[in-house]
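Here the structure is laid out as structure tokens; the discussion comes afterwards.
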Amino acid sequence: MVGSAGDSWTNTLLPTGLTGRWYVELWQDPSFRKAFVNSLVVALAACVINTLLAMPLAYALYHGARRGGSLTARIVSAMPIAVPTITLGFGYIIVFNSDLLPWLGSMPLLIAAHAIYTLPYLTNTLLTDLRHLGLERLEQAAATLGASNWQQFTSVVLPSLRQSLISGLVMVAALSVGEFGLSNLLTSFQNRTYPVVLLQAFYGATGFACAATVILLLLAGASALLSSSLVKTRS
């Protein structure tokens, strides 16, 4: 924040002068505006895909773990640590940079990569909530009243997971917006996300790069604040 408000910062401990022109230049830069929109599009699409995949996946893992199949749940929980994003990125390059699947650099591949990268986080959030709530008793009560499996899922499980789903999606959006390694490997010049363009800013004016970094930090901070507020509201 100090660097983004300084007029000049070269070979000194602190910047000299006071200015707001870096934020004006950042707003007027079309590449940053487009990268900002691209990041929001990718994050929103990843949230939609994760909503469709994580709910049934967490539900299946929850019941599978109750039947003794907890290994799969543990594998899903360990995926964010066991599989680094750079490994995923190189895997996508190998598969989708071929004549059969020439999708490297496309927006659909970038969205799919972000969705797969963030899916374990949302799944773990929902799975933890399922374990905490102990919904099997409510499902059994619904079953005794004649509810089918689908009716149990839609009338008991989904309403109970509403708050954790929202807070988990906020986390997914924050992870997607701030993800650099995966995006840098898969994106094209036309589909660059905000962190990728941000790296290039540091080759220019320091104040401009600091202003761009502050915007990214504000986005991440707002997402974290919203997520924690939802959790507190539920508590």
message: Using ring centroids (six-membered ring only for Trp), state whether Tyr92 and Tyr117 fall under 6.0 Å.
response: no

Applying a strict under-4.5 Å side-chain criterion to I, L, V, M, F, W and Y, I'd like to know whether [X] and [Y] cluster together.
X: Leu216; Y: Leu218; result: yes
X: Leu26; Y: Leu18; result: no
X: Phe36; Y: Leu44; result: no
X: Leu126; Y: Trp150; result: yes
X: Leu217; Y: Phe208; result: no

field: Those residues that, when tested against Trp103, pass ring pair (Phe, Tyr, Trp, His ring centres under 6.0 Å) (two or more places apart)
entry: Phe96

message: Which residues pass the side-chain hydrogen bond (donor to acceptor under 3.5 Å, both in side chains) test with Ser183, not counting sequence neighbours?
response: His114

Can you tell me how far the [atom1] atom of [X] sits from the [atom2] atom of [Y], to the nearest 0.5 Å?
X: Thr118; Y: Leu175; atom1: OG1; atom2: CG; answer: 7.0 Å
X: Leu182; Y: Thr85; atom1: CG; atom2: OG1; answer: 6.0 Å
X: Thr51; Y: Ile166; atom1: OG1; atom2: CD1; answer: 10.0 Å
X: Ile86; Y: Leu185; atom1: CD1; atom2: CG; answer: 6.0 Å
X: Ser164; Y: Asn124; atom1: OG; atom2: CG; answer: 12.0 Å
X: Met55; Y: Leu165; atom1: CE; atom2: CG; answer: 5.5 Å

Heavy-atom distance under 4.5 Å between the side chains of [X] and [Y], does that happen here?
X: Tyr194; Y: Val177; answer: no
X: Thr125; Y: Tyr121; answer: no
X: Leu53; Y: Leu122; answer: no
X: Asn38; Y: Thr187; answer: no
X: Met107; Y: Val42; answer: yes
X: Tyr23; Y: Ile215; answer: yes
X: Cys47; Y: Ser176; answer: no

Shortest non-hydrogen separation from [X] to [Y] and the atoms involved:
X: Asn50; Y: Ala115; result: OD1-O, 3.1 Å
X: Arg192; Y: Ser31; result: NH2-CB, 3.8 Å
X: Met1; Y: Ser4; result: O-OG, 2.7 Å
X: Ser160; Y: Val156; result: OG-O, 2.7 Å
X: Ala58; Y: Leu127; result: O-CD1, 3.5 Å
X: Leu101; Y: Val95; result: CB-O, 3.9 Å

field: side chain to side chain contact (heavy atoms under 4.5 Å, CB included) evaluation trace for Leu130 with Val157
entry: CA-CA 8 Å; Leu130 282 169; Val157 178; 4.2 Å; yes

Is a side-chain N or O of [X] found less than 3.5 angstrom from the main chain of [Y], in a donor-acceptor match?
X: Thr16; Y: Ser8; answer: yes
X: Arg33; Y: Trp27; answer: yes
X: Asn191; Y: Gly105; answer: yes
X: Arg131; Y: Thr128; answer: no

query: Would Lys34 and Gln190 count as a side chain to side chain contact (heavy atoms under 4.5 Å, CB included) if you check the C-alpha gap in whole Å, the side-chain angles of each, and the deciding distance to 0.1 Å?
result: CA-CA 9 Å; Lys34 185 174 182 180; Gln190 294 295 326; 2.8 Å; yes

field: Other cluster members, Phe180 - Ile/Leu/Val/Met/Phe/Trp/Tyr, side-chain contacts below 4.5 Å
entry: Val196, Leu199

- prompt: What's in the same ILVMFWY side-chain cluster as Val37, cut-off under 4.5 Å, chained through other members?
  reply: Val41

field: Which residues share a salt bridge (charged side-chain N to carboxylate O under 4.0 Å, His left out) with Asp29, sequence neighbours left out
entry: none

task: Enumerate the residue pairs fulfilling salt bridge (charged side-chain N to carboxylate O under 4.0 Å, His left out) with a member in residues 11-28, sequence neighbours excluded, ordered by first and then second residue.
output: Asp7-Arg21, Arg21-Glu25

